[in-house]
Enquirer: 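Dumping the structure here so I can ask a few things about it.
The figures here come from the full heavy-atom set of this structure, side chains too, leaving out hydrogens, waters and symmetry mates. None of the values given here were measured: they were computed from a predicted structure. Numbering starts at 1 and runs along the sequence shown.
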Amino acid sequence: MRVMLVEDDDGVADALADGLRGFAIRTLRARRADDLLRDHVLADLVLLDLGLPDLDGLDALRKLRRVSNVPVIVLTARNDERSVVRGLRLGADDYLLKPVGLNVLLARIEAVRRRVRTNVNGPRGVVRIGDIRIDLDARQVVVGGTAAAFTPTEFEILASLAGRVGQAVSRELIMDEVWGDAYLAASRSLDVHIAAVRAKLNRPGLISTIRGFGFRLEEPPACATDYSPRS
Ligand code: CA
């Protein structure tokens, strides 16, 4: 796999590249947001610093998400909650603080990759709920006849719920399926991503919160009145 290091600090980038090389992970270097936006198609995954010389990393992420669903892990010293939440809302799949240990970084890369690869485990089929069509194999969601763009993480959360329509699904199970581990940071990420999934489905009541437990994707007709087709 090829990981693009978007990092203007050569010392940091060299250390990351050396560490990843030991695990047979090739790296591409990008020192500026412009390089990322030009070369992202060459990468299987992007590690994104936020303090870049030409454009703030969060703005670069927003631009990237208009054209690509490549997995992105933000890797930054910026640890204020607002930046973390913004990064996740803009479509980062994970958010790590510098300095990060190599083993933690590898585990997060592997977890993100596992999410993206989930559909190699055989066909999972199509789930239809009212006017929403979720193709679990093609990783496509159509809402009211219009394709909706989900990031890999958002899609996996939706897929986790769609595989169990009408059942309450625990936060722990979703986090385990999506992140590969119910680690603490994922808990906040889950809420941010659930909010994004709800916004993109645009069907109030379709995903219920089960307080103290998790979430449930409702079956029609319980929520059908909320999204009857427009005529
Ligand atoms: Ca920087």
Side-chain angles (χ1 to χ4, degrees), residues 4 36-46 48 58-74 85-94 111-167 169 174 177-179 189-209 215-231:
M4 175 170 282
L36 164 68
L37 295 171
R38 189 188 60 229
D39 296 335
H40 62 86
V41 291
L42 304 173
D44 300 308
L45 185 143
V46 172
L48 178 63
L58 291 175
D59 294 322
L61 177 58
R62 182 188 296 114
K63 287 190 170 185
L64 178 69
R65 278 290 174 251
R66 286 184 196 141
V67 295
S68 170
N69 279 330
V70 65
V72 173
I73 299 176
V74 169
V85 171
R86 264 191 82 206
L88 294 168
R89 280 195 181 136
L90 288 172
D93 296 280
D94 208 340
V112 169
R113 296 262 301 158
R114 194 164 45 232
R115 265 174 266 162
V116 174
R117 278 199 310 256
T118 308
N119 59 349
V120 302
N121 296 330
R124 297 193 289 176
V126 174
V127 176
R128 291 172 202 274
I129 306 162
D131 66 345
I132 293 174
R133 182 181 188 278
I134 305 163
D135 187 327
L136 296 170
D137 304 311
R139 304 179 68 84
Q140 287 171 340
V141 183
V142 175
V143 179
T146 304
F150 281 66
T151 69
T153 301
E154 289 162 2
F155 183 84
E156 284 307 322
I157 290 171
L158 180 60
S160 181
L161 294 171
R164 305 172 182 88
V165 174
Q167 299 173 32
V169 185
I174 298 170
E177 287 190 348
V178 175
W179 280 271
S189 299
L190 176 58
D191 292 314
V192 173
H193 284 111
I194 282 276
V197 169
R198 280 178 166 144
K200 289 179 180 180
L201 292 175
N202 193 25
R203 297 292 180 270
L206 183 60
I207 297 177
S208 299
T209 300
F215 303 93
R216 182 175 58 227
L217 189 60
E218 302 291 354
E219 327 179 55
C223 57
T225 50
D226 287 329
Y227 54 91
S228 50
R230 272 157 286 169
S231 52

Enquirer: Work out which heavy atom in Ala162 is nearest to a heavy atom in Val127; give both atom names and the distance.
Expert: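 Closest pair (atom of Ala162, atom of Val127, distance): O-CG2, 3.6 Å.
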Enquirer: Could you check if a side-chain atom of Leu190 sits within less than 4.5 angstrom of a side-chain atom of Phe215, using non-hydrogen atoms only?
Expert: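 In short, these two side chains touch, coming nearer than 4.5 Å.
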Enquirer: Can you measure from CG (Leu161) to CG (Leu201) and round to the nearest 0.5 angstrom?
Expert: 9.5 Å
Enquirer: Can you check whether Ile194 reaches Thr209 side chain to side chain, under 4.5 Å on heavy atoms?
Expert: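 A side-chain contact is absent here, since even the closest heavy-atom pair is not under 4.5 Å.
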Enquirer: Quick one: pull up CZ in Arg133 and CZ in Arg128 and give me the separation to the nearest 0.5 Å.
Expert: 5.0 Å
Enquirer: Do His40 and Val67 touch side chain to side chain, with heavy atoms closer than 4.5 Å?
Expert: yes
Enquirer: Might you point out which heavy atoms bring Gly205 and Glu218 nearest each other, and give the distance in Å?
Expert: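 Nearest heavy atoms, Gly205 then Glu218: O-CG, 3.4 Å.
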Enquirer: Between Arg65 and Asp93, does any side-chain N to carboxylate O distance fall below 4.0 Å?
Expert: yes
Enquirer: If I take atom CD1 from residue Ile73 and atom CZ from residue Arg113, how far apart are they, to the nearest 0.5 angstrom?
Expert: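 The CZ atom of Arg113 is 10.5 Å from CD1 of Ile73, to the nearest 0.5 Å.
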Enquirer: Out of curiosity, Asn69 CG to Leu64 CG, how far, rounded to the nearest 0.5 Å?
Expert: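 One finds 9.0 Å between CG of Asn69 and CG of Leu64.
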Enquirer: So does Arg139 pair up with Glu156, basic N to acidic O under 4.0 Å?
Expert: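 Yes, this pair counts.
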Enquirer: Write down the atom of Phe155, the atom of Gln140, and the distance for their closest heavy-atom approach.
Expert: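 In terms of heavy atoms, the two residues are closest at CE1-N, 4.0 Å.
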Enquirer: Do the side chain of Asp137 and the main chain of Gly125 share a donor and acceptor less than 3.5 angstrom apart?
Expert: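 Side chain of Asp137 to backbone of Gly125: a pair is present.
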Enquirer: Kindly indicate whether the side chain of Arg198, heavy atoms from C-beta on, has any atom under 4.5 Å from the side chain of Leu206.
Expert: no
Enquirer: Would you mind reporting whether Arg203 and Asp131 have side-chain heavy atoms less than 4.5 Å apart?
Expert: yes
Enquirer: Using 0.5 Å steps for rounding, measure from the NE2 atom of His193 to the OG1 atom of Thr153.
Expert: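 Result: 4.5 Å between the selected atoms.
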Enquirer: Can you tell me if NZ on Lys200 sees more than 12 non-hydrogen neighbours from other groups inside 6.0 Å?
Expert: yes
Enquirer: Could you tell me which non-hydrogen atom of Gly87 sits nearest to which non-hydrogen atom of Leu58, and how far apart they are?
Expert: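 In terms of heavy atoms, the two residues are closest at CA-CD2, 3.5 Å.
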Enquirer: Are there more than 12 heavy atoms of other residues, nucleotides or ligands under 6.0 Å from atom CZ of Arg62?
Expert: yes
Enquirer: Taking all non-hydrogen atoms of both residues, which atom of Ala159 and which atom of Leu136 are closest, and how far apart?
Expert: CB-CD2, 3.6 Å
Enquirer: At their closest point, which heavy atom of Val70 faces which heavy atom of Ser68, and how far apart are they?
Expert: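 It is N-OG, 2.9 Å.
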Enquirer: So do the side chains of Leu36 and Met4 get within less than 4.5 Å of each other, counting heavy atoms only?
Expert: yes
